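Here's the structure, in structure tokens; my notes come after.
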Amino acid sequence: MGIFKRVKTIALADMNDVLDKREDPIKMVKQYSRDLEVELEKAQAALANQLYLEQKLEAQIKQVKQTIEDRKRQEQLALEKNNDNMAKLAIQDRLDSEKQLALLEDQFLFIQNQTNQIKAQVITLKETYADLKNRQSLLISRANVASTTNTINSKAYSFQSKNIANEFARMEDKVLHLEAVAATHDYLSEKTALYEKSSSIEVEEEFLKAKEALNKKSE
């Protein structure tokens with residue numbers, strides 16, 4: 001058992017030594033800059049998509065609010081003309097639109113929160129990218145003048161650590177996106193189920209209130 005362990009250790013040592021010798025700090029630094037640039041482009045694309053969703057929801061909210069105001073006017077006009085059926089239809093449509101508005105506004109707040117998180121990530125990536133580009137020339141210069149294997153290995157290890165951090169951030173961003181999609185799906189499913197439960201009793205109550213208000217106004 002001890003022999004196999006020693007052979008494994010020797011093999012790993014040889015492999016690490018080969019990798020250390022083949023790893024070029026200058027090429028690695030440039031590759032890390034390219035990798036970070038790709039991540040920044042992905043984050044900016046995600047932000048653009050979130051802003052599009054916000055604008056789309058804002059337009060829907062504005063449209064539903066207009067529908068509510070239209071139904072209120074139709075309801076009042078129908079009551080004044082003693083057209084009870086038309087008044088009830090207007091009330092039903094207004095109540096449905098109000099429920100839809102509440103759903104859209106909640107969804108807008110949820111998406112807006114996700115947008116703010118992505119904005120913060122984009123800012124962080126931009127700052128990291130700018131800092132990396134500023135340090136790149138210096139790091140390349142240091143790598144060029146390095147004269148010993150220990151110095152080269154030390155820098156290679158440092159860059160490897162940076163690569164791990166960048167990869168971790170990328171995975172974290174993916175998980176955040178998956179969570180946002182799942183949360184949005186569950187949230188919409190729940191709100192849609194509630195919205196589909198219309199209440200005729202609520203319509204009657206609103207109708208009676210409207211009739212009573214009209215009668216008092218007539219008196």
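We number each residue from 1, following the sequence as shown. Since we're looking at a predicted model, the values are computed, not measured.
A continuous path of ILVMFWY side-chain contacts below 4.5 Å connects Y129 to V122, so both sit in one hydrophobic cluster. L208 and M86 fall into different hydrophobic clusters, where Ile, Leu, Val, Met, Phe, Trp and Tyr are joined by side-chain heavy atoms under 4.5 Å apart, directly or via other members. Under the 4.5 Å side-chain heavy-atom criterion for ILVMFWY residues, a single connected hydrophobic cluster contains both F110 and Y52.
Between K119 and L51, the closest side-chain pair of non-hydrogen atoms falls below 4.5 Å. When side chains are defined from C-beta on, K65 counts as touching E105, because their heavy atoms get closer than 4.5 Å.
I118 CD1 to I123 CD1: the interatomic distance, rounded to the nearest 0.5 Å, is 12.5 Å. Atom CD of E58 sits about 8.0 Å away from atom CD of Q112, to the nearest 0.5 Å. Of the inter-residue distances, the one linking Q55 atom CD with L53 atom CG reads 9.5 Å to the nearest 0.5 angstrom. To the nearest 0.5 angstrom, F108 atom CZ is 8.0 Å from T115 atom OG1. Here the CG atom belonging to L104 is positioned 5.5 Å from the CD atom belonging to Q60, to the nearest 0.5 angstrom. Note: T67 OG1 to Q74 CD = 9.5 Å, rounded to the nearest 0.5 Å.
Nearest heavy-atom pair, L125 versus A43, reported as atom, atom and distance to 0.1 Å: CD1-CB, 3.6 Å. In terms of heavy-atom proximity, A87 sits nearest to A78 at N-CB, 3.5 Å.
A donor and an acceptor atom, one from each side chain of D70 and Q66, are located under 3.5 Å apart. In this model, a donor atom of one side chain and an acceptor atom of the other lie less than 3.5 Å apart for D96 and Q92.
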Handout entry: Check against side-chain contact (heavy atoms from CB on, under 4.5 Å), R73 and Q76
Key = CA-CA 5 Å; R73 288 193 293 269; Q76 187 64 29; 5.9 Å; no
Handout entry: Stepwise salt bridge (Lys or Arg N to Asp or Glu O under 4.0 Å) check, E37 with R34
Key = CA-CA 5 Å; E37 187 175 356; R34 288 191 290 268; over 6 Å; no
Problem - Verdict with supporting geometry, R71 and E75, salt bridge (Lys or Arg N to Asp or Glu O under 4.0 Å) - result: CA-CA 6 Å; R71 296 302 173 266; E75 171 189 341; over 6 Å; no
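In this structure, N134 contributes its side chain and A130 its backbone to a donor-acceptor pair below 3.5 Å.
Using a cut-off of 4.0 Å between Lys/Arg side-chain N and Asp/Glu carboxylate O, R135 and D131 are scored as salt-bridged.
In E80, the CD atom is crowded: over 12 heavy atoms of neighbouring residues, nucleotides or ligands sit closer than 6.0 Å.
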